[in-house]
Amino acid sequence: MSVPPRFRSTDSGERDFRSVLGPTGNKLQRKPPGMKLENKKMTTTIESKDEKTKKKPDPPASPTTTLKQCSSLCSSLLRKNSASMTASYSSDASSSCESSSSSRKKVVRRSGSVSSAVGACAVGRRKLVDEKDDKVAGGGGSNGDCFADGRRRCAWITPKSDPSYVAFHDEEWGVPVHDDKKLFELLCLSGALSELSWTDILSRRQLLREVFMDFDPVAVSELNEKKVISAISLLSEVKLRSILDNSRQVRKIIAEYGSFKKYMWNFVSNKPTQSQFRYQRQVPVKTSKAEFISKDLVRRGFRSVSPTVIYSFMQAAGLTNDHLTGCFRFQDCCVDAETITKAKKTVA
């Protein structure tokens, strides 16, 4: 009877080591005769413990249940995120509002301080200018005592001014005029102010009177254009033609109202306007009344009658008294206006 060959069990404590590749070549290493191999037993015991502790695998979930779980999870996450976002936004908004309000308060305070400082500087400058003008008006400056006669005059009249201009200021400017020829003359001279100064105009005044027949509007309206254009050395051609055209319109007004002075003085109710300005800077260049008169004259066909020209004419013809209150001519013009109004009442 044959006996099957014996094989060593794997669990036997003694077995030969296989050859391994060592640093000096292949060597067959054997374990020492008394050493037991316990590694495999340890691994088997660990695996058995793990198998005991392992739970049975869960059955596979259906698609509907997985979808429900995902949707509930997503909704909860979204709620958490939205809550956190709103909280962060509200905190940011509150902080930004607080910062913006504080910055606005700072800006308002700074702007208020700057505006108050600018206002204080403007008031201080105005006070200095007023004090200077008061000295001039009171005779303590360049005006007043520096004149040979010792009279106080308007600030635009100085001792260096042309004598003809000073005489025009002292004798004519601001005096109420009720003569058609004189009113037409002052209207023509005021129209030339856009090209010349009062000093240049007054220096040519006598020559202009010779050319325009002492500014008789009826006589000027009948003049030949060639004769008028010959005086181009005195005024520009535009101004000369405007004088000729305006004389024809004045003639129509005389035919309508009876006189040119009646037409003009009706705009101020036959009473000069007393401005009572203290400083030169207060004197305007034009007024609403001057604009109204200018529009009416333009409607009638007049030329070179802008609001500034008309206001200069009103000042020169005495329709308004723009002498400064410190000027010696202010009271004189007021007295002249009262005298004229009293004379008119007695005649009526």
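In terms of the ring pair (Phe, Tyr, Trp, His ring centres under 6.0 Å) criterion, Phe328 has no residue partners (sequence neighbours excluded). The ring pair (Phe, Tyr, Trp, His ring centres under 6.0 Å) test applied to Phe313 returns no partner, not counting sequence neighbours. With sequence neighbours excluded, no residue forms a ring pair (Phe, Tyr, Trp, His ring centres under 6.0 Å) with Phe260.
By the neighbour-count criterion of 12 heavy atoms within 6.0 Å, atom NZ of Lys181 is sparsely surrounded, having that number or fewer from other residues, nucleotides or ligands. More than 12 heavy-atom neighbours from other residues, nucleotides or ligands sit within 6.0 angstrom of NZ on Lys182.
Considering CD1 of Ile254 and NZ of Lys262, their distance stands at 13.0 Å, rounded to 0.5 Å. The CG atom of Leu324 sits 9.0 Å away from the CZ atom of Phe277 when rounded to the nearest 0.5 Å. Taking CZ of Arg300 as the reference point, atom CD1 of Ile253 lies at 5.0 Å (rounded to 0.5 Å).
Inter-residue side-chain proximity for Arg251 and Ser221 is flagged as met; some heavy-atom pair is nearer than 4.5 Å. Under the 4.5 Å side-chain criterion, counting only non-hydrogen atoms from C-beta, Pro272 is not in contact with Leu319. Residues Val298 and Val305 are in side-chain contact: their nearest non-hydrogen atoms beyond the backbone lie under 4.5 Å apart. The side-chain heavy atoms of Val166 and Asp162, taken from C-beta on, include no pair separated by under 4.5 Å.
A distance-only check finds a donor-acceptor pair linking the side chain of Asp180 to the backbone of Lys261 [under 3.5 Å]. Side-chain atoms of Ser242 come within 3.5 Å of backbone N or O of Lys239 as a donor-acceptor pair. Side chain of Lys227 to main chain of Val211: no donor-acceptor pair is present (N/O by atom type, distance under 3.5 Å, no hydrogens or angles). Counting only distance, with no hydrogens or angles, the side chain of Asn246 and the backbone of Arg303 share a donor-acceptor pair below 3.5 Å. Remark: the backbone N or O of Leu186 is paired with a side-chain donor or acceptor of Ser190 at under 3.5 angstrom. The main-chain N or O of Ala290 is never found under 3.5 Å from a side-chain atom of Ser294 such that the two would form a donor-acceptor pair. Put simply, the side chain of Gln282 gets close to the backbone of Tyr279: a donor and an acceptor are under 3.5 Å apart. The backbone N or O of Cys327 sits nowhere less than 3.5 Å from a side-chain atom of Arg152 that would complete a donor-acceptor pair.
Taking every heavy atom of both residues into account, Val268 and Thr273 meet most closely at CG1-OG1, 4.5 Å. Nearest heavy-atom pair, Phe302 versus Gln249, reported as atom, atom and distance to 0.1 Å: CE1-CB, 3.3 Å. Taking all atoms of both residues into account, the shortest heavy-atom contact from Ser247 to Phe184 is CB-CZ, 3.6 Å. Taking every heavy atom of both residues into account, Phe147 and Thr158 meet most closely at CZ-C, 3.6 Å. When all heavy atoms of Thr308 and Val285 are compared, the closest pair comes out as CG2-CG1, 3.4 Å.
Hydrophobic clustering of Ile, Leu, Val, Met, Phe, Trp and Tyr side chains at less than 4.5 Å, counting indirect connections, unites Trp156 with Leu196.
Sorted by first then second residue, the side chain to side chain donor-acceptor pair (under 3.5 Å) pairs that include residues 317-328, not counting sequence neighbours, are His169-His323, Gln274-Asn321, Ser275-Thr320, Ser275-Asp322, Tyr311-Asp322, Gln315-Asp322, Thr320-Asp322. Identified under the side chain to side chain donor-acceptor pair (under 3.5 Å) test for residues 204-218, with sequence neighbours left out: Glu172-Arg205, Glu185-Arg205, Glu185-Arg209. Among residues at least two apart or in separate chains, ring pair (Phe, Tyr, Trp, His ring centres under 6.0 Å) pairs with a member in residues 199-233 are Phe212-Phe215.
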Show your working on side-chain contact (heavy atoms from CB on, under 4.5 Å) between Leu208 and Leu189 and close with a plain yes or no. CA-CA 9 Å; Leu208 291 171; Leu189 297 181; 4.0 Å; yes
